[in-house]
Amino acid sequence: MTVEQYKARAERAKRIVFFGGAGVSTESGIPDFRSADGLYSRKYDVPPETLLSAEYFYAHTDRFFEFYFDKMICPDAKPNAAHIKLAEWEKQGKLSAVVTQNIDGLHQAAGSKNVFELHGSVHRNTCTKCGKRYGLAELLRQKPNIPRCDCGGVIKPDVVLYGESLPYAAVTGALDAIANADMLIVGGTSLTVYPAAGFVGYYNGARENLIVINMTEISGFDNMLIGRIGELL
Ligand code: NAD
């Protein structure tokens with residue numbers, strides 16, 4: 001199919017769900033994990049899966065935040081053409097939900113309202129001792145130190161670390177939206193992080209309306225557009 005044919009299909013769809021990953025935000029300057037210049041290609045003495053694990057957070061809180069502040073927080077990043085197009089479609093009543101593995105909050109910054117954040121958000125943070133909630137600004141204020149609550153407890157980002165379970169409300173909302181979609185666009189994700197990657201299997205719509213947009217080929221899909229998601233969307 002040509003881009004024009006995909007576009008015609010998208011124009012006819014009424015309940016598009018977008019399922020995305022880190023590749024959606026690379027055009028905003030946030031590195032993904034698995035591209036050639038992603039975080040996995042850089043040299044760390046500890047792999048990112050370990051650095052971003054719950055076990056590492058509690059055992060080496062100082063080193064966790066060193067990596068987190070350095071690589072996971074991009075406070076100046078702005079929504080790109082992909083985020084903006086998805087927000088437009090929602091406003092027009094064509095898109096029912098964005099399901100994202102990203103933690104950067106850029107879909108909301110672009111104006112999207114119905115966003116299911118499977119891996120949480122850097123914008124929400126909670127004291128591990130008293131449960132007080134904080135925004136990102138408080139963590140940035142205390143950077144590069146370990147962020148601490150008024151009570152002295154460590155403030156932990158509400159991002160899902162390796163070894164933690166996905167937030168229940170986001171999971172149920174995402175699965176419901178995907179199961180009721182008449183088009184599922186999967187974009188900017190290597191589909192390697194489970195259980196999130198398995199959500200695509202809940203799509204019940206027409207097979208020709210399951211479309212993958214990615215910089216690199218993903219096996220197992222008939223309808224793929226290879227290229228930059230900001231341009232293609
Ligand atoms: P990934 O790094 O495994 O894969 C990203 C995919 O996007 C790759 O296949 C790459 O080819 C593609 N890609 C990169 N730039 C693209 C572009 N401009 N247009 C189209 N495709 C592009 O990412 P993942 O599958 O989301 O899994 C990584 C995990 O890391 C996720 O759980 C996510 O939460 C987390 N993460 C989030 C952010 C963020 O919030 N922005 C950044 C890095 C990692």
Side-chain angles (χ1 to χ4, degrees), residues 3 6 18-42 44 47-54 56-57 64 67-86 98-110 112 115-125 136 139 157-167 170-171 174 184-201 211-221 223-233:
V3 174
Y6 283 114
F18 180 80
F19 178 91
V24 175
S25 294
T26 54
E27 288 166 60
S28 295
I30 303 179
D32 64 7
F33 276 1
R34 293 174 184 81
S35 287
D37 55 353
L39 290 175
Y40 278 23
S41 63
R42 303 178 193 187
Y44 294 106
E49 283 106 337
T50 305
L51 282 162
L52 292 172
S53 68
Y56 197 85
F57 173 85
F64 170 90
F67 178 79
Y68 184 76
F69 282 137
D70 189 28
K71 301 295 174 202
M72 304 304 292
I73 302 287
C74 302
D76 299 328
K78 300 273 182 298
N80 63 50
H83 300 104
I84 291 165
K85 176 54 77 182
L86 293 166
V98 168
V99 179
T100 183
Q101 300 165 84
N102 293 349
I103 56 175
D104 53 37
L106 289 181
H107 287 293
Q108 291 91 333
S112 285
V115 182
F116 296 106
E117 294 174 309
L118 297 179
H119 294 159
S121 171
V122 299
H123 296 284
R124 297 186 295 272
N125 304 276
L136 178 59
L139 271 72
D158 291 8
V159 301
V160 177
L161 300 176
Y162 287 94
E164 293 181 330
S165 48
L166 271 49
V171 169
L184 180 64
I185 304 177
V186 177
T189 172
S190 61
L191 287 184
T192 51
V193 178
Y194 280 83
F199 281 36
V200 173
I211 300 164
V212 176
I213 304 176
N214 213 53
M215 287 285 266
T216 49
E217 182 128 7
I218 312 251
S219 60
F221 293 93
N223 304 309
M224 274 215 73
L225 281 166
I226 302 282
R228 289 161 64 86
I229 193 153
E231 286 165 25
L232 288 167
L233 266 189

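All ligand and atom numbering here is 1-based and tracks the order in the structure.
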*Which of these, N102, N80, I73, has its nearest heavy atom closest to atom 37 (C) of ligand 1?*
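Minimum heavy-atom distance to atom 37 (C) of ligand 1 goes to N102.
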*asked:* Judged on heavy-atom distance to atom 8 (C) of ligand 1, which of I218, V186, N214 sits nearest?
replied: N214
Can a donor-acceptor pair be found, under 3.5 Å and without considering hydrogens, that links the side chain of [X] to the backbone of [Y]?
X	Y	answer
N214	G188	yes
E231	R228	no
Q101	G20	yes
N223	V212	no
E27	N80	no

*Picking from H107, H123, R124, what satisfies side-chain hydrogen bond (donor to acceptor under 3.5 Å, both in side chains) with E117?*
R124
Ligand 1 atoms in contact with [X] (distance to a heavy atom under 4.0 Å):
X	value
G21	26 (O)
D104	39 (C), 40 (O), 41 (N)
I30	41 (N)
E27	17 (C), 18 (N), 19 (N)
T216	9 (O), 11 (O)
G188	5 (C), 6 (C), 7 (O), 21 (N)
S25	41 (N)
T189	6 (C), 7 (O), 24 (P), 25 (O)

Tell me: protein heavy atom nearest [atom], and distance?
atom	answer
atom 28 (C) of ligand 1	R34 NH1, 3.5 Å
atom 42 (C) of ligand 1	P31 O, 3.5 Å
atom 34 (O) of ligand 1	Q101 O, 2.2 Å
atom 19 (N) of ligand 1	I229 N, 2.9 Å
atom 36 (N) of ligand 1	A22 CB, 4.0 Å
atom 4 (O) of ligand 1	S190 N, 3.3 Å
atom 5 (C) of ligand 1	D32 OD2, 3.4 Å
atom 20 (C) of ligand 1	G227 O, 3.3 Å

_Aromatic contact, F64 with Y56 (centres under 6.0 Å)_ = no
*Heavy-atom pair with the smallest gap, counting every atom of I84 and P79*: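 The pair with the smallest heavy-atom distance is CD1-O, 4.1 Å.
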*May I ask you to test the I213-L233 pair for a side-chain heavy-atom distance under 4.5 Å?*
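In short, these two side chains touch, coming nearer than 4.5 Å.
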*For side chain to side chain contact (heavy atoms under 4.5 Å, CB included), just list the numbers for L118 and V160, CA-CA rounded to whole Å, side-chain angles, deciding distance to a tenth of an Å, and then say yes or no.*
CA-CA 8 Å; L118 297 179; V160 177; over 6 Å; no
Would [X] count as being in polar contact with ligand 1, using the rule that some N or O on each side must be under 3.5 angstrom apart?
X	value
F33	yes
R228	no
I213	no

*Begin from the C-alpha positions of T26 and D32 and carry the test side chain to side chain donor-acceptor pair (under 3.5 Å) through to its verdict.*
CA-CA 6 Å; T26 54; D32 64 7; 5.5 Å; no
_Taking 4.0 Å as the limit for heavy-atom contacts, which would you say applies to M215 with ligand 1: side chain only, backbone only, both, or neither?_
both
_S28 OG to D104 CG distance, which is reported to the nearest 0.5 Å_ = 7.5 Å
*asked:* Using side chain to side chain contact (heavy atoms under 4.5 Å, CB included), reason through F18 and T100 one step at a time and then give a plain yes or no.
replied: CA-CA 8 Å; F18 180 80; T100 183; over 6 Å; no
